[in-house]
Structures are given as C-alpha cells and as structure tokens.
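Just so it is clear: chains get the letters A, B, ... in the order the sequence lines come, proteins before strands, and each one is counted from 1.
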2 protein chains.
Amino acid sequence: MNTDKHPQSLNKEDYLSHIAFDSVIFGFNGKDLKILILEYHNTGLFALPGGFVRRNESLAEAVTKGVEERTGIDDLYLEQFQTFGGLNRSDSKAMEQILEMNGLDIKANEWLLDRFISIAYYALINFEEVNPIPDPLADSIEWYSLDELPPLMMDHEEIVHKALETLRENLDKKLLGMNLLPAKFTMKELQNAYEKITGETFKRTAFQRRMLATKNLVRHEKLFTGGAHRAPYLYSFKIK
Amino acid sequence: MNTDKHPQSLNKEDYLSHIAFDSVIFGFNGKDLKILILEYHNTGLFALPGGFVRRNESLAEAVTKGVEERTGIDDLYLEQFQTFGGLNRSDSKAMEQILEMNGLDIKANEWLLDRFISIAYYALINFEEVNPIPDPLADSIEWYSLDELPPLMMDHEEIVHKALETLRENLDKKLLGMNLLPAKFTMKELQNAYEKITGETFKRTAFQRRMLATKNLVRHEKLFTGGAHRAPYLYSFKIK
DNA sequence: TGTTATTGTAACAGTTTGTTACAATAATAC
DNA sequence: GTATTATTGTAACAAACTGTTACAATAACA
C-alpha cells in the first residue's frame with residue numbers, strides 16, 4: 001500500500017475482515033436537505049463516506065475517526081441506525097477499479113474485495129459551518145440534494161433511504177436541535193427544515209405553537225435583515 | 001469439529017470472521033415479561049441465543065435460521081435493533097471453556113476466540129405456543145423474567161437493556177400485536193402486557209378507550225371462564 | 001334471589017390541536 | 001412623514017383527545 005498517498009494503512013492484519021461502516025451526513029442549507037457523497041478518482045463511482053474497523057479500536061471509535069478523516073469534518077455526532085448484510089452488498093469489480101485508479105496493488109489488498117457487512121450511521125450537521133475535504137482515495141466530496149443523488153455504489157441508495165426514514169421517526173425526539181440549523185434561526189427556517197425532512201407541510205400558527213410548547217427553544221433578539229414586514233425573532237435550542 | 005454432536009459445522013472457512021449475532025426473544029406469560037437465555041454445558045455461563053454468518057447467506061437469513069436452530073422455535077419475526085462493537089465484547093476464556101466442555105478442539109476453532117462484532121435482534125413470541133429446545137452446545141434454554149436474569153456473558157446484559165428500550169419505543173407503532181399475546185386475549189391481558197413492557201401503569205377506562213380508538217382490535221365472543229363477575233370480551237389484532 | 005367482583009360505557013372536565021382572525025411591525029414607495 | 005405591503009406573533013374559538021368519575025351490566029357463587 002502506498003503510504004505516501006495514503007497515510008492510513010490498509011493492511012489486512014490491522015483490520016477486522018468483513019466489517020465496514022458507512023455514513024449518511026445530512027445538512028440543511030435553508031432550502032434543501034442534502035447529504036455528503038464521495039466520488040472516487042477516475043471511476044465515476046459515487047459512495048457514502050465509509051471505512052473499516054481496526055482490531056484495536058471499538059466500532060464507535062472507528063466510525064467517528066473514520067468519518068472525520070474522510071469528510072474533513074470534526075465533532076460529528078453519529079448515530080447508528082442499521083446494519084446491512086445482504087449478499088448483494090459487495091461489488092469486487094468496483095473495488096478493484098477504485099484500487100487500480102488510486103495506484104494500489106490489488107493482490108495486496110485482496111481482502112477489500114471480499115464480502116462486507118456494513119454498520120450504517122447518520123449525522124446531522126450545520127451546513128454553513130463545515131467545509132468537507134475529500135480523503136486521498138476520493139476525487140471530491142459534495143453535498144447532494146436528496147432528490148438529485150447520483151447513482152450510488154452497491155446498496156448505498158438503500159442505506160440513504162433507510163437513514164432518511166430513521167431521521168423522520170426521530171425528528172421530534174431529540175435530533176433536529178443538534179446540528180442541522182445555525183445556532184440561531186427563525187421559526188420559518190425551523191419549519192422549512194421540518195417540512196423538508198418529513199415531506200409534509202404544516203400550518204404556520206400550529207407549528208409555531210407546537211414548537212414553543214416543547215420548551216426547547218430560547219427566544220433571542222429579532223432579525224432585521226428581512227423584507228418589508230414585521231421582523232421575526234431568532235431562536236436557539238435549549239441545551240438539556 | 002465433532003459433527004456427530006454438532007451437525008452445524010463451524011469451519012472457519014464457511015463463516016464470515018469477526019461477525020456474530022445475538023437475539024433477545026421476548027415472551028409474555030400473562031404476568032411477566034420474559035426472555036430466553038441459554039446455559040452452556042458445565043460452565044455456568046449464560047448467554048443470549050446467537051450465532052455466526054455463513055459466507056453464502058445474508059445476515060438476515062443467518063439470523064432467522066440460526067436463532068430457530070438454537071431455540072427450537074419456528075417462524076420468528078426478528079427485528080434488528082443495534083450492532084455492538086465495543087472492545088469489551090469478547091471473552092476468549094469463556095469461549096474456550098464452552099468449546100472445552102463440549103469436547104471441541106480449541107486450536108481448530110481458534111477463530112471463535114477472536115474479537116466479534118455482534119448484530120442484535122429481538123423478537124416477540126407467544127409464550128404459550130412455543131416449546132424452546134436447546135441446541136447441542138447448550139445445556140438448557142429457559143425463560144427468565146427480566147428482573148430475575150442470571151449474570152450474562154460479555155455485554156449481553158447491555159444488549160438486553162437496549163432491546164427492552166427499543167421495544168418500549170416501538171410498542172405503539174406496530175409491534176405488540178405481532179406475537180406477544182395469544183391469538184385472542186382480553187383487554188386486561190393487553191393492559192398487563194403494556195404495563196409490564198413499559199413499566200408504567202394505566203387507568204383501565206382510558207386504556208380501553210385508547211386501544212379501541214386505534215381500530216386495530218377486533219372484538220370476538222365473551223370469555224366465560226372467569227370469576228363471579230361480568231365476562232370480558234376477547235379481542236384479536238386486525239391484520240393490516 | 002341476592003351478593004360480589006369486574007367489565008363496558010357514558011358523562012363531564014381539562015388539555016391539546018386545528019383554524020381563523022387580526023393587530024404589530026419592518027422595509028419600501030410616495 | 002405617511003401609506004402600503006408582506007410577514008410575524010398571538011389571541012380566540014371550535015374540534016378532537018385524555019383523564020377521571022360514575023354507574024349499569026353482567027357471570028359465578030352462596
């Protein structure tokens with residue numbers, strides 16, 4: 001393995017074979033719900049940021065570190081949502097292509113062509129505060145709107161689908177607050193985020209009352225950058 | 001490997017290394033919420049029913065078949081809820097003991113002593129309609145009330161804890177109906193099950209109205225085996 | 001035939017949710 | 001300045017839902 005280009009070693013002995021992880025990183029730009037997708041050098045292959053588990057680290061450690069390396073984003077709060085273990089979820093041809101186009105020896109990395117079971121995680125991050133950086137294996141890392149995804153490798157589309165489903169289910173419990181919006185936001189932005197995630201629409205007044213009733217919001221100063229109308233308040237999430 | 005005693009082979013080449021699964025099988029006997037626990041021959045080791053994934057079967061197939069083999073129960077609807085990958089979750093000493101007490105060669109089965117990541121599933125079954133049978137490796141398979149569990153191997157107590165948490169969260173959505181109660185049951189039995197699972201108590205009248213309002217119940221004939229009082233109706237779950 | 005315990009419902013109050021209405025404004029146009 | 005315009009924050013009312021109490025309708029048994 002070319003350790004100049006790839007400081008992270010991929011020696012078979014260092015890793016647990018057959019085990020991978022993948023991540024679905026959600027961001028909201030105020031209008032659309034987006035996720036981060038990697039494109040591999042000269043392959044036209046698109047994939048979720050993922051990686052492998054070293055023998056001497058826990059799954060959780062591997063995922064946190066691995067996803068941060070591959071996306072260039074720190075302080076991710078990743079939540080495990082499902083493990084994928086279908087027989088359809090290996091594509092040795094694609095993996096060969098990725099190795100080849102990165103100048104890596106296929107024989108030496110043969111274990112990567114084998115069957116993998118993947119533990120999938122998702123995270124919500126504030127679109128405006130991050131600057132994703134592709135890792136050496138990948139050409140680019142880009143935000144894609146959920147309805148404009150490129151065709152993804154293997155079962156990665158299924159993983160995205162399931163991630164969104166889980167996000168919808170957990171929306172009210174705890175999550176949205178964490179990271180998806182800027183630190184301060186208007187009620188309208190909050191409603192937009194909810195609507196994009198759930199795919200539903202809400203009545204403005206009922207939504208506002210419901211949100212305020214949760215007692216999870218703190219009201220701040222008004223936001224005066226708007227148009228010819230009453231200025232909205234800014235809110236932030238109360239830390240519990 | 002002694003294939004006389006153990007018709008299921010455990011040859012390293014047949015399985016995906018480092019990958020295991022475990023199952024939490026819930027049953028309700030009308031009074032207590034219970035789970036199935038295996039005890040290994042002559043070891044005093046208690047564990048959840050689990051197994052490994054063959055190279056030529058999907059994770060889901062392996063789990064369904066594996067759990068049915070180890071418990072003697074057919075037609076389980078298993079739901080994946082979390083994957084456990086901590087560094088604390090191997091106990092090669094215990095595994096050696098299990099192999100030894102079953103007359104299995106430790107050297108030949110060395111891969112079983114290595115680190116495993118385990119995908120955990122749970123199932124709800126009708127206590128009265130099953131007759132669990134231990135597999136050859138285990139001495140016994142028994143129902144244990146959740147508050148009277150024996151000490152479990154490795155991180156299996158954590159797995160049980162998380163399974164119960166998931167069960168509680170999903171209770172209203174879809175699950176309870178599936179299998180936890182007999183085909184026909186009284187409102188009181190339903191309420192008992194809910195209370196044991198959630199750990200809460202409910203007012204009889206409000207509970208009854210809430211359940212009937214879901215439109216998921218079909219009312220049948222009355223049950224006359226009771227005491228000196230008005231006979232309750234029997235209900236069953238509507239298949240959606 | 002009365003007694004007893006439990007069940008199925010109704011009635012009322014209190015709470016939450018859906019909808020409509022309207023006053024309070026920021027920016028802009030005059 | 002003053003009127004105009006779009007949007008926001010709330011209040012008001014109705015409808016739906018929940019919690020609680022009350023009570024009639026029983027099965028079994030004495």
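- Per the geometry, CE belonging to Met211(B) stands 15 Å off P belonging to dC17(D), to the nearest Å.
- Counting distance only, with no hydrogens placed and no angle test, the side-chain atoms of Arg209(A) and the base atoms of dG18(C) include a donor-acceptor pair under 3.5 Å.
- Side-chain atoms of Thr205(B) lie closest to dT21(D) of the nucleotides dT8(D), dT21(D), dG18(C).
- Residue contacts shown for Ala206(A) include a base, since a base heavy atom lies under 4.0 Å away.
- Closest contact between the side chain of Gln208(A) and the listed nucleotides dA24(C), dT10(D), dG8(C) involves dT10(D).
- Taking the six-membered ring where the residue is Trp, Tyr122(A) and Phe26(A) present perpendicular rings, their angle passing 60° and hence far from 30°.
- Proximity of Arg219(B) to the phosphate of dT9(C): a side-chain N or O atom is located under 4.0 Å from OP1 or OP2.
- Atom P of nucleotide dG9(D) and atom CD of Gln191(A) are separated by 11 Å, given to the nearest angstrom.
- Ring geometry for Phe237(A) against Phe185(A) counts as tilted: the plane angle lies between 30° and 60°, on a 0 to 90° scale.
- Between Phe52(A) and Phe116(A), the angle of the ring planes lies from 30° to 60°, which puts this pair in the tilted group.
- The distance between atom CD of Glu189(B) and atom P of dT7(C), rounded to the nearest whole Å, is 10 Å.
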| message | Let's go through Glu165(B) and Lys162(B) carefully: what are the C-alpha distance in whole Å and the side-chain angles of both, what is the deciding distance for salt bridge (Lys or Arg N to Asp or Glu O under 4.0 Å) to 0.1 Å, and is it a yes or a no? | response | CA-CA 5 Å; Glu165(B) 204 174 278; Lys162(B) 188 72 195 175; 3.1 Å; yes
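- Between the CZ atom of Phe207(B) and the C1' atom of dT7(C) there is a distance of 14 Å, rounded to whole Å.
- Salt-bridge annotation for Glu158(B) and Arg89(B): absent, with no side-chain N of the basic residue lying under 4.0 Å from a carboxylate O of the acidic one.
- When the nearest nucleotides of DNA chain C are assigned to Arg230(A) and Arg204(A) by heavy-atom distance, the more 5′-ward of the two goes with Arg204(A).
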Check: protein-nucleotides 1-4 of chain C nitrogen or oxygen pairs below 3.5 Å:
unit_1: dT4(C); atom_1: O2; unit_2: Ala228(B); atom_2: O; d: 2.9

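- Between Tyr194(B) and Phe202(B), the ring planes lie perpendicular to each other; the angle is over 60°, past the 30° to 60° tilted range.
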